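Notes follow the structure.
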Amino acid sequence: MFKEIAGNIMTICNYIECTGCAACRDICPKQCITMQPDELDALYPYVDEHKCVNCGLCVKTCPNNRNIEYRKPQKVWVAWSNDASVRKNSASGGIAYELYRYWLCQGGVAVGVVYERDKGCHFVIIEKEDDLKQVQNSKYTFSDTDGVYKVLKEKLQAETPVLFIGMPCQVAGFYGFLKKDYSNLVTVDIICHGMSPTSYLQQHIESIEMKKKQHTSKLFFRDPKYHTYTYAFTLYNLADKEFYNRRVLTTDNYQLGYHRALIYRENCYHCRYAQKERIADLTIGDFSGLGKYADFSKSKHNVSCVFQNTDRGADLLGKLETKIYKEERPEAEAFEVEQQLKAPSIKHPRRIVFENVYREERNYEKAADAALSREKYNALKLRIVIEMKAIIRLLLPKRFMQIARSVLCRN
């Protein structure tokens, strides 16, 4: 994040604004910038002053030091893949998958995020359709861009079509790295709540593995086996057998920590991209406001919200006509309902508790337990109530339940 020069501190950008996009690392001609964890294990650029030649490229490349062009969406669509399997296995409606598939069929290359047990989430270059399954579905953690900017710039210069799908801050990092527009580039940003340091997820998985005496080979944050809209967090072992399953907002430390905005990087709470104006050609995400401002008779499950932000994005979306269903929707269904299009995530009220315990213990489970004690207690109470209701429904005759409901309704 900074380097010391003759006793002074030279910053690449403001600490609370750094997204970890690593554009500064990849642009450095002397390779003297590495991404290092801070005291909360979030990655920030560290400059080796012995190798640095003060060229200033890192500062000029950082998107936080550049003028960002924001675009008002031209249209808002609800959309999904016409391929039932793709739609079922995708986090939302499978639009990202269809964008990838079309792009690869046209001879282009793309990037997506994969999860590896020992490395966490990171970007990879996608050049064939067989690679798509590994980038499908959501990954609710920080993803390292892992040097893809350099590779993609070479592809662009060789006139290969490039599709970049990532978080807005990662799209901005790529723009900063390129420093010019390329007609053979299309970008897609994802509506984002925040990114948590990779270490938290890794520690959480290790804790579960120790208790279950298993080793994780695959995980889902929204397992299609239980419908992706239920947000089932599952772990699978080397034999591809599920050994852990927790729904959203249960007693799982990571599910609660992420969805309650406890564990994001500091910059996520000050995000400059959390607004309706976007920086990419297309924007995709969930559509929680669907049907609130105009009738919608079809299923609201497994659907994508898509913003058409530029003519380039509109052209690509139009080429998917036979592969997807799309319907224009009132802008208010997105802009008035989705909080991440209004302002950044608000810190959990006990974030300071989490930070203090983590700094001292460097243990995610202990820090999360300390900060989330009330939520976990409430989640446990709710689980008991749900299970008791299920037991009652099983034990009591159906006719008795019908009579009881009618009596309650009259009262």
Side-chain angles (χ1 to χ4, degrees), residues 1-38 42-71 111 122-123 125 142-160 162-189 192 195 265-268 270-275 277-281 309-310 312 344:
M1 187 60 211
F2 62 87
K3 64 177 181 177
E4 295 183 3
I5 303 177
N8 297 318
I9 293 179
M10 178 185 128
T11 59
I12 294 175
C13 72
N14 189 321
Y15 176 84
I16 67 169
E17 294 178 341
C18 177
T19 65
C21 74
C24 57
R25 173 192 65 188
D26 288 359
I27 202 69
C28 180
K30 296 298 181 180
Q31 298 181 323
C32 66
I33 300 178
T34 55
M35 303 300 289
Q36 301 290 338
D38 71 351
L43 294 181
Y44 290 88
Y46 171 78
V47 183
D48 185 339
E49 61 180 6
H50 300 296
K51 294 181 181 178
C52 178
V53 294
N54 296 316
C55 69
L57 265 178
C58 56
V59 176
K60 295 173 185 175
T61 297
C62 176
N64 290 318
N65 303 324
R66 298 174 62 83
N67 291 325
I68 302 293
E69 181 184 356
Y70 294 94
R71 307 172 178 97
V111 292
H122 62 96
F123 276 72
I125 304 294
F142 178 80
S143 50
D144 190 340
T145 50
D146 210 16
V148 298
Y149 298 150
K150 294 180 182 179
V151 178
L152 294 181
K153 184 175 183 179
E154 292 174 359
K155 297 287 187 182
L156 288 168
Q157 291 173 333
E159 300 186 353
T160 302
V162 170
L163 176 66
F164 188 101
I165 300 181
M167 300 303 160
C169 54
Q170 294 162 337
V171 174
F174 189 37
Y175 285 159
F177 183 85
L178 295 176
K179 296 184 178 61
K180 61 172 283 190
D181 184 36
Y182 287 83
S183 61
N184 51 329
L185 169 67
V186 174
T187 57
V188 182
D189 66 38
C192 174
M195 291 194 289
R265 289 175 59 94
E266 183 62 32
N267 64 279
C268 298
H270 314 275
C271 180
R272 64 193 298 198
Y273 309 106
Q275 56 175 292
E277 288 77 19
R278 312 304 294 177
I279 65 169
D281 296 301
N309 304 323
T310 67
R312 195 178 295 177

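Because the structure is a prediction, the values reported are computed rather than measured.
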What distance separates Cys271 SG from Glu266 CD, expressed to the nearest 0.5 Å? 12.5 Å

Distance-only donor-acceptor pairs under 3.5 Å for side chains of residues 173-187, two or more places apart:
{"residue": "Tyr175", "atom": "OH", "partner": "Thr187", "partner atom": "OG1", "Å": "2.7"}
{"residue": "Tyr175", "atom": "OH", "partner": "Ile279", "partner atom": "O", "Å": "3.1"}
{"residue": "Lys179", "atom": "NZ", "partner": "Thr61", "partner atom": "OG1", "Å": "2.5"}
{"residue": "Lys179", "atom": "NZ", "partner": "Gly176", "partner atom": "O", "Å": "3.1"}
{"residue": "Asp181", "atom": "OD1", "partner": "Arg312", "partner atom": "NH1", "Å": "3.2"}
{"residue": "Asp181", "atom": "OD2", "partner": "Arg312", "partner atom": "NH2", "Å": "3.0"}
{"residue": "Asn184", "atom": "ND2", "partner": "Leu156", "partner atom": "O", "Å": "3.2"}
{"residue": "Asn184", "atom": "ND2", "partner": "Thr160", "partner atom": "O", "Å": "3.0"}
{"residue": "Thr187", "atom": "OG1", "partner": "Asp281", "partner atom": "N", "Å": "3.2"}
{"residue": "Thr187", "atom": "OG1", "partner": "Asp281", "partner atom": "OD2", "Å": "3.3"}

Mind listing the closest non-hydrogen atom pair of Leu43 and Pro37 along with its distance? CD2-N, 3.6 Å

When every non-hydrogen atom of Val171 is compared with those of Ala280, the smallest separation belongs to CG1-CB, 4.4 Å

To the nearest 0.5 Å, atom CE of Met35 lies from atom OH of Tyr44 at 9.0 Å

Answer yes or no: is there a side-chain heavy-atom contact under 4.5 Å between Met195 and Cys169? yes

Atom of Asn267, atom of Cys18 and distance for their closest heavy-atom approach: OD1-O, 2.9 Å

Considering residues at least two apart in sequence or located in another chain, which fulfil the ring pair (Phe, Tyr, Trp, His ring centres under 6.0 Å) criterion with Tyr273? none

Within-4.5 Å side-chain heavy-atom neighbours: Cys24 and Cys62: no

Indicate the atoms forming the closest heavy-atom contact of Ile68 with Arg272, along with that distance. CG1-NH2, 3.6 Å

Qualifying residues under ring pair (Phe, Tyr, Trp, His ring centres under 6.0 Å), relative to Phe123, sequence neighbours excluded: Phe164

Counting only N and O atoms by type, is there a donor-acceptor contact under 3.5 Å from the side chain of Asn65 to the main-chain atoms of Ile12? yes

When you measure from the side chain of Asp48 to the backbone of Cys32, do you find a donor-acceptor pair of N or O atoms at a distance under 3.5 Å? no

Check whether Gln170 reaches the backbone of Ser143 with its side chain - one donor and one acceptor, N or O, closer than 3.5 Å. yes

Passes side chain to side chain contact (heavy atoms under 4.5 Å, CB included), Leu152 versus Ile125? Steps please. CA-CA 8 Å; Leu152 294 181; Ile125 304 294; 3.7 Å; yes

Sorted by chain and number, sequence neighbours left out, side-chain hydrogen bond (donor to acceptor under 3.5 Å, both in side chains) with Asp189 holds for Arg278, Thr283

Set of salt bridge (charged side-chain N to carboxylate O under 4.0 Å, His left out) partners for Lys155, sequence neighbours left out: Glu127

Non-hydrogen atoms of Cys52 and Val47 that approach each other most closely: CB-CG1, 4.0 Å

Sort and list the pairs that fulfil salt bridge (charged side-chain N to carboxylate O under 4.0 Å, His left out) and have at least one residue in residues 142-151, not counting sequence neighbours. Arg25-Asp144, Lys119-Asp146

Euclidean distance, Gln31 CD relative to Asp26 CG, rounded to 0.5 Å: 9.5 Å

Beyond-backbone contact of Cys21 with Met167, side-chain heavy atoms, under 4.5 angstrom: no

Where is the tightest heavy-atom contact between Cys13 and Asn64, given as atom of each residue plus distance? SG-ND2, 3.5 Å

